[in-house]
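One structure is given below, encoded as structure tokens.
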Amino acid sequence: MSDKPNKLIEKGKRLDGRKVDELRPIKMEVGVLKRADGSCYMELGGNKAIAAVYGPRAVHPRHLQEATQVIIRYRYDMASFSVKERKRPGPDRRSIEISKVSREALAPVILKEYFPRSVIDIFVEILQADAGTRTVGINASSVALADAGIPMRGIVSSCAVGKVDGEIVLDLTGQEDNYGEADMPIAMTQDGKITLLQMDGHLTKEEFAQAIELAKKGCKQIYEVQRSALISKYEGVSNV
Amino acid sequence: MSDKPNKLIEKGKRLDGRKVDELRPIKMEVGVLKRADGSCYMELGGNKAIAAVYGPRAVHPRHLQEATQVIIRYRYDMASFSVKERKRPGPDRRSIEISKVSREALAPVILKEYFPRSVIDIFVEILQADAGTRTVGINASSVALADAGIPMRGIVSSCAVGKVDGEIVLDLTGQEDNYGEADMPIAMTQDGKITLLQMDGHLTKEEFAQAIELAKKGCKQIYEVQRSALISKYEGVSNV
Amino acid sequence: MSDKPNKLIEKGKRLDGRKVDELRPIKMEVGVLKRADGSCYMELGGNKAIAAVYGPRAVHPRHLQEATQVIIRYRYDMASFSVKERKRPGPDRRSIEISKVSREALAPVILKEYFPRSVIDIFVEILQADAGTRTVGINASSVALADAGIPMRGIVSSCAVGKVDGEIVLDLTGQEDNYGEADMPIAMTQDGKITLLQMDGHLTKEEFAQAIELAKKGCKQIYEVQRSALISKYEGVSNV
Amino acid sequence: MSEDIIAEIKRDYIYNLAKNGKRVDGRAFDEYRQIEVETRIIGNAEGSAKVKIGNTQVVVGVKIQPGKPFPDTPDQGAIITNAEFAPIASPSFEPGPPDENATELARVVDRGVRESGAIDLAKLCITEGEDIWMVFIDVYVLDHDGNLVDASALGAIAALLNTKLPIVRYKLGTEDVPLPISDLPVAITAADIDGEILLDPSLDEELIASTLITIITGKDGSLAGIQKSGMGPLTFDQIFHITDLAYKKAKDIREKYLEIVDDQSREEGKKD
Amino acid sequence: MSEDIIAEIKRDYIYNLAKNGKRVDGRAFDEYRQIEVETRIIGNAEGSAKVKIGNTQVVVGVKIQPGKPFPDTPDQGAIITNAEFAPIASPSFEPGPPDENATELARVVDRGVRESGAIDLAKLCITEGEDIWMVFIDVYVLDHDGNLVDASALGAIAALLNTKLPIVRYKLGTEDVPLPISDLPVAITAADIDGEILLDPSLDEELIASTLITIITGKDGSLAGIQKSGMGPLTFDQIFHITDLAYKKAKDIREKYLEIVDDQSREEGKKD
Amino acid sequence: MSEDIIAEIKRDYIYNLAKNGKRVDGRAFDEYRQIEVETRIIGNAEGSAKVKIGNTQVVVGVKIQPGKPFPDTPDQGAIITNAEFAPIASPSFEPGPPDENATELARVVDRGVRESGAIDLAKLCITEGEDIWMVFIDVYVLDHDGNLVDASALGAIAALLNTKLPIVRYKLGTEDVPLPISDLPVAITAADIDGEILLDPSLDEELIASTLITIITGKDGSLAGIQKSGMGPLTFDQIFHITDLAYKKAKDIREKYLEIVDDQSREEGKKD
């Protein structure tokens with residue numbers, strides 16, 4: 001492809017001016033939807049997404065209920081206009097896989113036994129996409145779950161690391177993802193449990209270890225943003 | 001498009017010889033199907049359609065039942081060969097919308113509370129189409145409901161009015177619809193309640209008022225045809 | 001089509017060397033799958049197929065249950081790579097029809113009243129296809145049913161007969177089917193009851209009678225293979 | 001529950017009649033209900049027919065459009081047959097894509113037309129490897145009182161007989177010509193009711209029959225298609241008996257309903 | 001059960017208020033909730049807008065791609081409008097293809113744009129019979145608190161107003177030009193609550209209304225579309241009353257939210 | 001109910017064994033069940049392989065056809081990977097389109113082939129922007145006794161190794177040439193059972209594992225793909241431990257089952 005830039009990293013700076021271990025600018029807002037039980041809007045560079053949580057609520061049809069714990073459902077969806085080439089609305093194989101791994105990324109922290117025979121629905125709508133949408137979806141969902149008052153063991157934070165121009169970098173843009181050598185989305189809890197891990201491309205074992213370390217830093221920063229967003233919404237309440 | 005005629009109305013006459021306030025020739029026959037509980041065949045100019053009514057009958061699955069009233073379902077379908085370009089069998093967005101507004105056009109006259117936990121199915125098959133198929137479907141369904149013995153407050157009658165060559169006309173043909181300026185299908189009860197109203201195109205407020213008046217006349221004529229068709233079927237019975 | 005051979009039968013020999021009343025080489029193996037309750041792998045010339053039987057097992061959803069007998073389901077499926085032009089995975093109209101007639105070919109011998117409110121699922125996967133796949137599916141399924149211990153009145157055996165170069169032949173290849181004059185798949189029980197009969201093409205009444213006679217012989221040979229396959233699996237058991 | 005009891009009583013009644021050589025509507029075992037064939041009823045279709053057999057009613061429309069040939073038959077037209085069990089036709093038909101019964105019906109009608117060679121597909125090639133005529137045969141069942149196969153197959157041939165290639169509309173010439181039809185296959189369906197063989201089963205008869213079998217025969221009396229449908233087995237004797245019956249009955253129907261139509265069509269074709 | 005009781009109480013409350021000329025949120029019958037229109041919010045779309053009416057939120061994105069014309073309009077662009085009831089927007093929205101309500105919404109928005117002549121489709125022809133611009137208008141409902149039609153229709157026009165044809169991207173020229181917009185249709189929806197006519201119904205009002213009716217009017221004050229939706233009948237007087245209201249209200253909204261956007265767009269268009 | 005009790009007992013049994021460093025079938029934690037790879041089993045496929053790992057059986061068929069390139073990669077072939085959980089393989093597989101598990105399997109196998117660079121896609125371009133080879137990799141699971149990912153990924157590479165481009169059939173030349181394969185990625189899956197890491201989990205082990213993780217490594221020992229699948233979290237130490245195990249085990253499997261196949265294929269390729 002002709003529009004591949006010569007270099008994606010020059011003198012330690014990426015094309016958007018970031019250092020290799022820097023996240024893109026983040027904006028996060030809690031409680032942006034009225035109808036949902038919990039919601040969160042997040043921007044990460046060129047990504048814009050809304051997560052909404054409904055539940056716990058009754059399960060229909062009833063034979064899908066689980067007797068001892070709540071069911072978690074997660075639906076990741078990209079708006080048709082979120083990408084350059086219009087996407088047909090509705091699920092495709094990519095979104096089915098992302099929905100599955102995202103659900104598995106969040107489920108470990110939810111206290112599922114609190115709500116037997118119920119379901120918690122997590123819906124993520126990607127309004128604008130620029131690589132890393134699944135991490136944005138997980139981060140926003142994690143906050144939306146807290147906003148909905150779902151009891152959790154902690155907040156899940158997620159970011160992608162990868163290899164670009166031979167270097168391990170944090171939070172790849174679409175361009176870096178397309179022309180880079182590896183992409184590795186990851187999600188973890190504050191106490192260092194990995195709840196999502198995927199990797200495409202090529203990494204040596206050393207690079208993998210380095211990438212994991214960088215991901216830890218990235219997730220930590222994400223966590224601070226999540227925390228601030230939640231605090232700023234409940235400041236009034238928490239000051240009482 | 002090259003096959004647009006120069007004029008659709010010349011000296012007060014339309015291309016098929018009708019006056020602006022005239023309906024196309026109508027043929028209506030009641031009870032044309034053996035299996036259906038009620039049925040009606042209708043021709044309106046180049047339109048040919050059959051309506052069938054099944055019910056009241058049990059609702060499956062049961063969780064769709066309504067405790068205090070009957071459910072009305074309406075399915076408008078065009079046969080693949082009813083139009084010039086073969087239509088793929090099955091519902092499309094147009095037929096889904098028409099089914100909805102047609103159901104809403106008929107529901108107000110049905111005494112729904114007589115049959116709780118039941119369903120009345122109205123099925124319309126368009127065999128040949130030449131503009132106005134939804135009005136034909138509603139008219140035939142209305143008669144088929146009566147034929148099925150469904151208790152109703154009255155008969156719903158429907159016709160389309162529109163604007164062609166700057167004039168307000170009754171009952172547009174396909175050609176008039178394609179090259180005209182506005183199309184407005186309408187359905188009403190004998191006591192002047194509007195149960196369907198849609199409009200595409202452009203009408204001034206004055207034209208709109210004029211169109212409504214013309215529609216009233218059209219529906220009145222339709223009603224007479226519906227009444228005759230029902231009487232001629234039940235003549236034997238009513239003479240007793 | 002240019003690749004039609006001049007002659008499909010020369011001096012009583014077909015292109016693969018068979019006589020007109022000869023079956024293609026058969027390989028049959030019972031119990032090839034661990035998870036299925038019964039299974040059978042079958043090769044017939046260029047055909048390779050696996051049949052699996054699950055059940056009798058509970059029916060979901062419950063309203064599909066039949067109070068006095070077991071339900072039989074049959075699903076014939078061709079693997080995408082089983083034919084020259086890749087086939088889209090999933091059912092098409094051909095496989096829906098074959099599934100129906102195959103189910104009807106086997107159902108008469110199953111003692112259905114033994115398992116009320118239950119279902120027996122028969123699944124056939126065609127891995128490689130060269131004409132006659134439905135007969136292979138029925139033969140393998142019949143054996144898989146026995147392997148699953150389903151009580152039956154007998155074994156159903158199936159083969160195709162047809163007309164090629166003016167002669168009535170047994171067990172057509174793909175080439176013979178494409179360029180032949182008639183194809184007639186048939187299935188029967190050992191006591192001469194016909195449970196499947198389809199025919200495409202042209203046969204005089206005399207040819208039809210001849211074809212039926214040939215099919216009887218073919219099914220008899222198939223039956224011997226089915227019997228041997230079952231015996232060789234249960235030899236150990238039956239020798240006790 | 002009460003429905004089951006009525007069904008049971010009806011079943012016994014039909015069985016007992018059949019055992020005494022009789023049918024509910026008084027027909028002989030090899031007698032058809034009244035057949036009506038009406039053609040050219042759909043102006044937007046290139047060919048059409050409505051067939052009634054007793055209360056059973058089907059409409060068949062034929063649409064013809066240019067299209068691409070299949071890779072393995074670059075010089076032949078294509079036939080695409082579809083059957084819609086319109087929910088107006090029966091309380092048991094539901095809206096939705098064709099189920100296995102509608103699929104089987106479509107495929108039997110399709111094979112009756114295709115494999116019998118009724119249409120000369122080589123004459124439907126416009127430009128080899130590029131453009132062919134696609135013949136869409138769409139069967140809509142309007143009222144289902146049994147024996148849909150025979151009504152649909154008869155409707156398909158009757159519709160094809162009055163079909164013209166829309167040559168003018170697609171700017172491929174100055175005159176529409178009739179579709180080249182070279183055979184008039186007729187489908188005859190029999191039901192096995194407790195060993196008795198009845199032609200043209202009504203719906204009540206179909207429901208209690210152990211199996212149905214359709215025999216399609218061509219003008220020259222040869223068999224042009226067979227489909228057994230249903231759970232019950234048939235003996236060889238029964239099958240030979242049915243093919244004999246089918247041959248005779250098809251001849252009657254062909255003469256009465258198709259050869260007349262055929263002549264009419266060709267006459268009218270000349271007038272156009 | 002308790003939900004039903006709350007619904008019942010709410011219903012009575014709204015009815016009684018309406019009978020006294022009042023609404024739950026204190027608005028007059030012909031008063032809209034606060035409207036906010038934000039445009040150019042989706043970088044990957046050729047045009048976009050977010051509209052809030054009270055708590056109701058929709059995002060409309062416009063994507064434009066070259067495509068083939070329909071056979072009967074070889075010299076015109078195409079508009080394809082779709083509405084997604086994203087499940088984030090309401091507990092009653094479920095993942096899956098658009099249901100009849102989403103389909104109706106999409107078609108009303110589509111007709112409002114298409115039949116009103118807001119887009120000059122003849123200007124969207126690239127090469128007659130070969131290539132045209134296809135305009136995809138995708139409505140995503142984010143938060144559903146009633147009156148989705150007006151929000152979506154407003155969002156569609158606002159998005160189209162800031163849409164540019166991606167001429168450079170598809171190598172059809174050196175400059176992207178704005179989509180040619182020739183009218184600014186505005187949809188006004190009214191609800192009938194026990195005979196009272198209320199504009200801009202909230203979700204609670206919609207749920208108890210016997211019917212809704214949407215009136216679309218153009219810049220010149222003419223009616224450019226009507227859709228009655230719901231089971232209840234309307235009288236002729238009601239309909240004339242609503243069209244009068246709609247005309248006035250549409251004018252306000254057009255001036256306040258669209259003509260400003262229009263000017264801005266054209267200004268910014270010049271700067272680019 | 002009784003099924004639940006058996007499941008409970010089985011679960012406890014496997015847990016207790018694992019805690020003592022043992023497995024039901026006597027294997028060591030890092031030991032695979034017996035692997036069998038058979039290739040060229042489907043004559044109508046351009047490449048094929050059947051892989052057994054213990055009782056687990058999958059067949060992979062590769063079909064190759066000319067097609068159009070994606071707009072953003074006009075000079076590259078395309079890989080389309082699909083996984084069918086044939087209902088013959090498990091009582092829990094149902095007929096129908098791939099569910100989320102089949103979809104995940106297909107995508108992991110796909111990425112293992114695609115992202116590892118195993119196929120040189122640039123060599124699959126026939127005419128830039130016009131025609132490319134499309135490589136369809138279809139995985140059919142025949143018997144599911146756990147660890148479908150490793151069996152499917154191994155089957156995919158083994159099938160690709162004996163795949164030839166059907167150049168003659170599509171009249172693009174006089175000789176079919178082998179698909180250009182430049183790496184031999186191998187997937188190794190581990191299960192976490194109460195903190196213990198077991199390779200090649202059987203179905204019973206999978207069902208009680210808190211999570212599974214698949215590590216794909218290439219010939220040069222680098223990581224070429226990772227997929228964590230399941231609800232349980234993993235520690236960083238566990239992940240480093242698993243990647244170490246995976247690297248070693250993949251090397252064994254590659255040497256034993258793929259490099260031999262590779263050699264054989266190339267040998268046979270010469271003979272053709």
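So that the names make sense, note that chain A is the first sequence line, chain B the second, and so on, each numbered from 1.
Heavy-atom pairs under 4.5 Å with chain F were tallied for A:Arg93, A:Arg103, A:Lys193; the largest tally goes to A:Arg93. Between chain F and the options A:Ala182, A:Gly192, A:Ala107, the largest number of non-hydrogen pairs under 4.5 Å is found for A:Gly192. Counting heavy-atom pairs under 4.5 Å between each of F:Asp99, F:Thr211, F:Thr81 and chain A puts F:Thr81 at the top. Counting heavy-atom pairs closer than 4.5 Å to chain A, the top residue among F:Thr243, F:Thr103, F:Leu234 is F:Leu234. In terms of heavy-atom pairs under 4.5 Å with chain F, the best-connected choice from A:Glu85, A:Glu207, A:Arg94 is A:Arg94. Contacts with chain A were tallied for F:Ile213, F:Thr235, F:Ile226; F:Ile226 has the most, counting heavy-atom pairs under 4.5 Å. Among the candidates A:Ala105, A:Pro91, A:Pro108, the residue making the largest number of heavy-atom pairs closer than 4.5 Å to chain F is A:Pro108.
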A:Val101 vs F:Gln227, side chain to side chain contact (heavy atoms under 4.5 Å, CB included): CA-CA, chis, key distance, verdict: CA-CA 9 Å; A:Val101 296; F:Gln227 180 88 347; 3.6 Å; yes
Criterion side chain to side chain contact (heavy atoms under 4.5 Å, CB included) on A:Lys205 and F:Asp244, from CA distance to verdict: CA-CA 9 Å; A:Lys205 274 163 58 176; F:Asp244 280 346; 3.1 Å; yes
Residue pair F:Arg107, A:Ile96: steps toward the side chain to side chain contact (heavy atoms under 4.5 Å, CB included) verdict: CA-CA 10 Å; F:Arg107 285 178 59 83; A:Ile96 289 168; over 6 Å; no
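Of the atoms belonging to A:Leu197, heavy atoms from both backbone and side chain fall under 4.5 Å from chain F. Contact of F:Ser229 with chain A is made through backbone and side chain together, with heavy-atom distances under 4.5 Å. Neither the backbone nor the side chain of F:Ile215 comes within contact range of chain A; no heavy atoms are under 4.5 Å apart. Interface remark: F:Asp110 contributes no atoms to any contact with chain A (heavy atom separation under 4.5 Å). Residue A:Ala187 does not touch chain F at all, counting heavy-atom pairs closer than 4.5 Å.
For F:Phe240, the CZ atom sits in a packed shell: over 12 heavy atoms of surrounding residues, nucleotides or ligands are nearer than 6.0 Å. Counting non-hydrogen atoms of neighbouring residues, nucleotides and ligands closer than 6.0 angstrom, the NZ atom of A:Lys220 reaches no more than 12 such neighbours. For F:Tyr15, the OH atom is densely surrounded, since the number of other residues' heavy atoms within 6.0 Å is greater than 12. Residue F:Lys10 places its NZ atom among 12 or fewer non-hydrogen atoms of other residues, nucleotides or ligands, all under 6.0 Å distant. Heavy-atom contacts from other residues, nucleotides or ligands closer than 6.0 Å to NZ of F:Lys251 number 12 or fewer.
Between A:His202 and F:Ser222, the shortest heavy-atom distance links the atoms ND1-OG, 3.0 Å. Listed here is the closest heavy atom pair of A:Thr195 and F:Pro233: CG2-CB, 4.1 Å. Contact detail for A:Gly201 and F:Glu115: the closest heavy-atom pair is N-CB, 3.6 Å.
A salt bridge does not link A:Lys100 to F:Glu100: none of the charged side-chain nitrogens sits closer than 4.0 Å to a carboxylate oxygen.
Here the side chain of A:Glu97 pairs no donor or acceptor atom with the backbone of F:Glu104 at under 3.5 angstrom.
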